[in-house]
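Read through the structure below, which is laid out as structure tokens, and then see the notes.
Below, all heavy atoms of this structure are taken into account, side chains as well, without hydrogens, waters or symmetry copies. Labels below follow one simple rule: chain letters A, B, ... track the order of the sequence lines, proteins then strands, and each chain is numbered from 1. Being a predicted model, the structure only gives us computed values, none of them experimental.
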There are 2 protein chains.
Amino acid sequence: MTKKPARAEKSAPRTRIQREKREEILQAGLTVFAAEGFRGATLDRIAAEAGLSKPNLLYYYPSKEAIHETLLERLLATWLDPLRALDPAGDPVEEILAYVGRKLDMSRDFPRESRLFANEILRGAPRIEPVLKGDLKSLVDTKSKVIRDWIAAGRIAPVDPYHLIFSIWALTQHYADFDVQVRAVLDAADPYPGAEAFLDGLYRRLLSP
Amino acid sequence: MTKKPARAEKSAPRTRIQREKREEILQAGLTVFAAEGFRGATLDRIAAEAGLSKPNLLYYYPSKEAIHETLLERLLATWLDPLRALDPAGDPVEEILAYVGRKLDMSRDFPRESRLFANEILRGAPRIEPVLKGDLKSLVDTKSKVIRDWIAAGRIAPVDPYHLIFSIWALTQHYADFDVQVRAVLDAADPYPGAEAFLDGLYRRLLSP
DNA sequence: TCGTGATTTGACCAATCGGTCAAAGTGACG
DNA sequence: CGTCACTTTGACCGATTGGTCAAATCACGA
């Protein structure tokens, strides 16, 4: 029996080079997928971005889909963390404001991830619909209950918890996804300081009982 | 001199059939571009959606780009109308609430248009950047001035007018662009009644002096 | 240093893409 | 009812795409 040449596909990377190259490919893929969408991205562009030849890239990942899938999995693993961190035991207004702040930080620090997600949702979420209806929905249900309790206790003003959460998603992700538009209107200034102040004021006013 | 067979390209349509087919193609193109993005859309899919053969489609529009361009032009011609209608002479809070209402109606009634726009912005607005930095920016500048005056007159609470407008865009368009996610979380219920109530309450609370 | 598995690449392939073209079909009007 | 412009289509083309493969090269432990 001859040992197969063991392509770097499946399973955990075994060598240092595999670990490094795999990571570089994911970074390149994230850049290209975020900018062009799944169908708009080409293996040649991803390979070029990663400084590899196309066959070499396919040595580390078996297909374009595999790269995309890995990126989405990795994203979803942390995408909901800011909401998970909403603490039922904390001060309601400050907890929600802190959540807004974390989400806005993510838009500023990880705009490619935000656009990757936006692209996927815009296309009807073909690859992550189960997650939306599963983990995402149950997390939002849980946190909505927390918010409803805060309202019932008179600790924040009465608002629909679901639409409150949607509003936080919309407002914070807008600065990453519609960045070009925001910068065009603001004449290329960094929008984030202003956005933070605005959102802080908005939710403070909306929620204070 | 032989008269050329006059392709149905350039210039205004001359016959009834041209008018009808051109419109059907635009509708098909809007559906496909909104769902798949520019690069993801194929002429075959647009042609199928319009019930035409590919060469027949290309008899009416010279290229895929031409269809996309026409759709964007047509969209931009009305996209800013809701903001243009903001009346400096009206009651400030009611004017802004009416603007929010108009934008939310557009998300509900024209989700394909919203997604077409979102796709274009996500990709860096390669075809409409001049419009963003031109017409859009100057319109927003104008209306921001109006809002600033309202604030100076003490008729609404002090907020950054630019981020206020961004927030209206983000919140309303979110319901069209991220429709799948919203419906997944709300368990397929129609989100619009709830959204309207939420946004009404939000901006009333934010803006009342 | 040497062999063996890990890595890299040039050449290649089938499928799909946007687009062309010549020829065939259709309809409205004199 | 004939005709001529308008409309439709099947066959085709070159370019690009995702992906394969065999051979060449590299790196590292014994």
Side-chain angles (χ1 to χ4, degrees), chain A residues 1-26 28-29 32-33 35-71 123 126-127, chain B residues 1-26 28-29 32-33 35-71 123 126-127:
Chain A
M1 279 296 229
T2 52
K3 260 190 185 172
K4 282 172 192 167
R7 280 200 199 174
E9 299 166 15
K10 294 278 176 184
S11 82
R14 300 261 165 235
T15 74
R16 173 186 50 92
I17 291 187
Q18 275 185 36
R19 227 176 304 121
E20 290 172 1
K21 293 290 168 77
R22 287 252 231 168
E23 183 56 33
E24 283 166 32
I25 290 169
L26 285 183
V32 178
F33 283 132
E36 319 274 359
F38 180 75
R39 298 211 48 185
T42 69
L43 286 178
D44 288 288
R45 250 183 69 63
I46 299 175
E49 189 79 23
L52 269 62
S53 67
K54 186 167 59 174
N56 198 7
L57 181 151
L58 286 163
Y59 170 74
Y60 290 103
Y61 283 94
S63 69
K64 179 176 158 181
E65 271 241 13
I67 303 174
H68 193 245
E69 212 179 292
T70 305
L71 282 169
R123 254 143 221 77
R127 280 166 242 263
Chain B
M1 282 292 234
T2 50
K3 259 189 185 171
K4 281 172 193 167
R7 279 201 198 172
E9 299 168 15
K10 293 280 175 185
S11 82
R14 301 260 166 238
T15 75
R16 173 185 51 92
I17 290 186
Q18 276 186 35
R19 227 176 304 120
E20 291 172 3
K21 293 291 170 74
R22 287 253 230 167
E23 183 56 33
E24 284 167 31
I25 289 169
L26 286 183
V32 178
F33 282 132
E36 319 274 359
F38 179 75
R39 299 212 48 187
T42 71
L43 286 179
D44 288 285
R45 250 183 71 64
I46 299 174
E49 188 80 23
L52 270 62
S53 67
K54 186 167 61 174
N56 197 8
L57 181 152
L58 286 164
Y59 170 74
Y60 291 103
Y61 283 93
S63 69
K64 179 176 159 182
E65 270 241 13
I67 303 174
H68 192 246
E69 209 179 294
T70 305
L71 282 169
R123 251 143 223 82
R127 281 166 242 263

>> Whether A:E36 and B:R39 form a salt bridge (side-chain N of Lys/Arg under 4.0 Å from carboxylate O of Asp/Glu) is what I want to check.
In response: no

> For DNA chain D, which residues in residues 42-56 of chain A have a heavy atom at a distance below 4.0 Å?
Replying inline: A:T42, A:L43, A:K54, A:P55

> For A:E24 and C:dT8, what is the distance between atoms CD and C1' respectively, to the nearest whole Å?
Replying inline: 14 Å

> Given atom CZ of A:R22 and atom P of C:dA6, what is their separation to the nearest angstrom?
Replying inline: 14 Å

> What is the distance from atom CD1 of A:I46 to atom CG of A:L26, rounded to the nearest 0.5 Å?
Replying inline: 10.0 Å

>> Does a side-chain N or O of B:Q18 approach OP1 or OP2 of D:dT7 to a distance below 4.0 Å, or not?
In response: yes

> Between C:dT8, D:dT17, D:dT8, which nucleotide gets closest to the side-chain atoms of B:K21?
Replying inline: D:dT8

>> Determine whether a donor-acceptor pair (N or O, by modelled atom type, separation under 3.5 Å) exists between the side chain of B:K64 and the backbone of B:F38.
In response: yes

>> Using five base pairs at each end to define the local axes, how bent is the helix from C:dT1-D:dA30 to C:dG30-D:dC1, to the nearest 10°?
In response: 0°

>> Tell me the interatomic distance from A:L57, atom CG, to C:dG10, atom P, rounded to whole angstroms.
In response: 15 Å

> Are any non-hydrogen side-chain atoms of B:L52 and B:Y60 less than 4.5 angstrom apart?
Replying inline: yes

>> Is B:Y59 close enough to D:dT7 that one of its side-chain N or O atoms is under 4.0 Å from OP1 or OP2 there?
In response: yes

>> Measuring from atom CG of A:L71 to atom CZ of A:R127, what distance do you get when rounded to the nearest 0.5 angstrom?
In response: 11.5 Å

> B:L58 CG to D:dC13 C1': how many Å, rounded?
Replying inline: 14 Å

> Given atom CZ of A:R19 and atom P of C:dT7, what is their separation to the nearest angstrom?
Replying inline: 11 Å

> Between A:R39 and C:dC17, does any side-chain N or O lie under 4.0 Å from OP1 or OP2?
Replying inline: yes

> Which residue, B:L57, B:V32, B:I25, forms the side chain to side chain contact (heavy atoms under 4.5 Å, CB included) with B:E49?
Replying inline: B:V32

> With a 4.0 Å cut-off on heavy atoms, is A:A66 in touch with a base, just the backbone sugar-phosphate, or nothing at all?
Replying inline: nothing

>> Rounded to whole Å, please give me the gap between CD in A:E20 and P in C:dA6.
In response: 17 Å

>> Is A:Y60 close enough to C:dT8 that one of its side-chain N or O atoms is under 4.0 Å from OP1 or OP2 there?
In response: yes

